[in-house]
Amino acid sequence: MILTGVLLAVFGLGLVGWFAARGRARLLYTGRGSMHSMPAYHGWHMALWILVPALLAWGVWSAIMPGLVEGAVFADPAAASLPTDPMTLGAIVSEAHNLASDPSATAFNPEARVLVEPIRAAQARFGLIGALLVMVVAIAGGGYGFTRIRADFRARTQVERAVMALLLAASLMAVLTTFGIVGSLVFEAGLFFKDVSPIAFLTGTHWSPASTMGANINDNFGAVPLFWGTIYIGAIIAMIVAIPLGLMSAVYLTQYASGAMRKWLKPMLEILAGIPTVVYGYFAALTVAPMIRDFAASMGMQNPSTESALAAGLVMGVMIIPFVSSMADDALAAVPRAMSDGSLALGSTKSETIKKVLLPAALPGIVAGVMLAISRAIGETMIVVMAAGAAANLSANPLASMTTVTYQIVQMLTGDQEFNSPKTLSAFALGLVLFVVTLILNIVALRVVKRFREAYE
Amino acid sequence: MTDTKLTARNVDVFYGQKKAINDVSIDIDNGIVTAFIGPSGCGKSTFLRTLNRMNDTIAGARVDGEILLDGENIYAASMDPVALRARVGMVFQKPNPFPKSIFENVAYGPRIHGLGSSKADMEQIVERALTKAGLWEEVKDRLTDAGTALSGGQQQRLCIARAIAVSPEVILMDEPCSALDPIATARIEELIDELKESFAIVIVTHSMQQAARVSQRTAFFHLGSLVEYGETDQIFTNPREVRTKDYITGRYG
């Protein structure tokens, strides 16, 4: 494609411009203080003037060219005989595009063949126009940049500004992406709530989105069993495992472990944090879940299911341990040594000091860590997909199969789905709820951590 | 009346390979205030911390020689450092109240040691300790407020009350006024003067004026050694050692 080639040409021109401008500026340089900016800055300034406008022109042209090609193709006499039904027309045009770029492709509609030549001709024509336009912009920009090379020209200031703009753009990218995600969540969830009442969604206890039975659609989208499953697995079972183990390991690591022990144990714990969640997932599904099922059977339970909230929750708890442990570790380390010295000097033992002084002092930091851990646990997907099951049970029995918000989102959006059915759209509503809950947890936790830090500074 | 409370004989302290205290021998008496003075890094705080084995909490610290409390070696295997610290209390450089209420700060030590079995007993212990520390009148109406909400000087008196509450025999003070303003400092110095009736007090201080004001005996440390030890008046008016004289006249330190 000529437009790809022109990009290379623009970068080449930029390189040439850099050397040209630096060379020109060097001629002006007569000694220290004779120029405002060093020659290399003039080079960068020139290169920026070549690259930035040309790349912008390239982007704009790439965006509008398909429309121009389309217009030209339909204006061609060969297009006059095409059917007018938009569905068929669309299929023919896209097949023709495929044929134009890959002659060996097969086409189901013979009409597509007649469009190939007009498409190729239009693409060549507009591609050439675009390439010329981009080159003209690049050369004009470079020319303008070159004329500005003077001893007193503040090229350095301009380049610094461009660097700042680049860095700003980079940091905005993440923020804008977040906004984009939130926007799409809200928009799609809005579509869902046109069909299903939010109150029924948030308070209903019956979840069977696939069912078309029932007079009222609201009856099938009660998400409470999913919320319950999420909280039961992520915030209750997992935390019963993770909080005591994480906390005790943090106390051991900060207060008791020798330097060598700490050096060895801490990275081991961090390895636990580095295991991909899908590995935890099959550990839960293949090792823990069958053990729990056998245990349930030995306790006399009839037909225990392989999938259980307990299996998913236990493994999730193990996954979260390093998270809780490292937050608690930080919180304990932030308590001033004077605090434990004060307690020891009164004749209290080490464990009394930890229990009565260190842990209470570190409590806000620990609570914040636990909240962050919960927000991670309830957003966790792989483990519950593999081990918790699909049944939307509203039960307090840890041996029952349960489902979570994340699991249902996966269900709704994978495989063949009609995009506009309430069933698919419910995934976005669930995602929105999950997003809001984890956002609140994170904000509160960060606040607590911040206030806690201030208390000791 | 004076009788010897603490006796140190040929004490060396090491931090890893580094020798921080070199062959110190000293007798500390009941009923008076003993001040340790000397330039920064001279080992006066390190030596103070050997007297209630707080150095045990620092990895790599080691003490040679013997320190006797009422004739009993505190580094003997039979001596429990936890029990020792109940007898030899400590007040630190920076006020370090626990993040608990004023009442709970003072009640902490007595609770640990099982003193004050009933609520009324405990209230009495706390009131007595706060009164002795000269803080009772200021805080009696807000005992449930956080200890950290007090002013710096009040916090330090709270820490002193906390130390007194377990009825120690000796109180070690490690630059107790270095984080306080002059008015709060004066208040603490008055308090030290009153407390010496009931406890043997050892105070480490940077300020020679403070040593002269509050203490009856002064020990001058330099480079890990005890250079001179004697009556405070004698040390400040008529030092025997040249190094002591140079230090108190501001030649170095």
Side-chain angles (χ1 to χ4, degrees), chain A residues 247 251-266 328-369 447-457, chain B residues 48-49 51-60 80-101 104-115 129 146-149 155-156 158-168 170-174 179:
Chain A
L247 208 56
V251 168
Y252 176 74
L253 281 175
T254 55
Q255 305 299 321
Y256 288 95
S258 66
M261 192 68 170
R262 187 178 160 88
K263 228 184 214 164
W264 183 80
L265 259 179
K266 242 195 135 172
D329 194 323
D330 290 350
L332 284 169
V335 177
R337 201 192 149 82
M339 211 64 87
S340 53
D341 275 356
S343 169
L344 291 172
L346 288 169
S348 56
T349 64
K350 200 161 187 175
S351 69
E352 283 166 342
T353 299
I354 290 166
K355 200 168 62 198
K356 297 196 172 151
V357 175
L358 276 179
L359 286 178
L363 194 63
I366 292 168
V367 169
R447 283 262 165 103
V448 173
V449 169
K450 198 170 154 236
R451 197 169 299 168
F452 175 62
R453 292 254 157 82
E454 282 164 1
Y456 288 121
E457 270 160 18
Chain B
L48 187 78
R49 291 168 68 97
L51 300 180
N52 68 344
R53 294 187 60 175
M54 279 302 282
N55 281 332
D56 290 15
T57 65
I58 297 168
D80 176 12
V82 168
L84 169 71
R85 290 181 199 131
R87 293 172 64 191
V88 184
M90 189 162 195
V91 175
F92 295 83
Q93 192 166 353
K94 223 179 128 206
N96 57 349
F98 303 133
K100 300 171 183 286
S101 71
E104 286 302 319
N105 259 284
V106 181
Y108 180 84
R111 275 215 177 104
I112 296 257
H113 297 293
L115 310 171
T148 46
Q155 284 189 19
Q156 194 62 301
L158 178 63
C159 293
I160 292 173
R162 189 173 73 182
I164 295 173
V166 292
S167 311
V170 182
I171 299 179
L172 308 176
M173 297 188 172
D174 189 358

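Order of the sequence lines sets the chain letters (A, B, ...), proteins ahead of strands, with each chain counted from 1. Keep in mind it's a predicted model, so treat the numbers as computed, not measured.
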One pair to check against side-chain contact (heavy atoms from CB on, under 4.5 Å): B/T57 and A/L344. What are the steps and the verdict? CA-CA 9 Å; B/T57 65; A/L344 291 172; 3.5 Å; yes
Test item: B/N96 and A/R337 side chains (from C-beta on) under 4.5 Å apart, heavy atoms: no
Can you tell if the side chain of B/K94 reaches within under 4.5 Å of the side chain of A/P336, non-hydrogen atoms only? no
Distance-only, no hydrogens or angles: does the B/H113 side chain make a donor-acceptor pair with backbone N or O of A/L346 under 3.5 Å? yes
So which atom in [X] and which in [Y] form the shortest heavy-atom distance, rounded to 0.1 Å?
| X | Y | answer |
| --- | --- | --- |
| A/E352 | B/I112 | OE1-CG2, 3.3 Å |
| B/Y108 | A/K356 | CE1-CB, 3.6 Å |
| B/N52 | A/A345 | ND2-CB, 4.4 Å |

Heavy-atom distances under 4.5 Å only: say whether B/V91 touches chain A with side chain, backbone, both or neither. neither
Does any backbone or side-chain atom of B/P168 lie under 4.5 Å from a heavy atom of chain A? Answer side chain, backbone, both or neither. neither
So for A/S343, is it side chain, backbone, both, or neither that comes closer than 4.5 Å to the heavy atoms of chain B? both
Between B/R162, B/R53, B/R111, the one whose heavy-atom pairs under 4.5 Å with chain A are most numerous: B/R162
Out of B/R87, B/K100, B/Q93, return the one with the most heavy atom pairs under 4.5 angstrom to chain A. B/K100
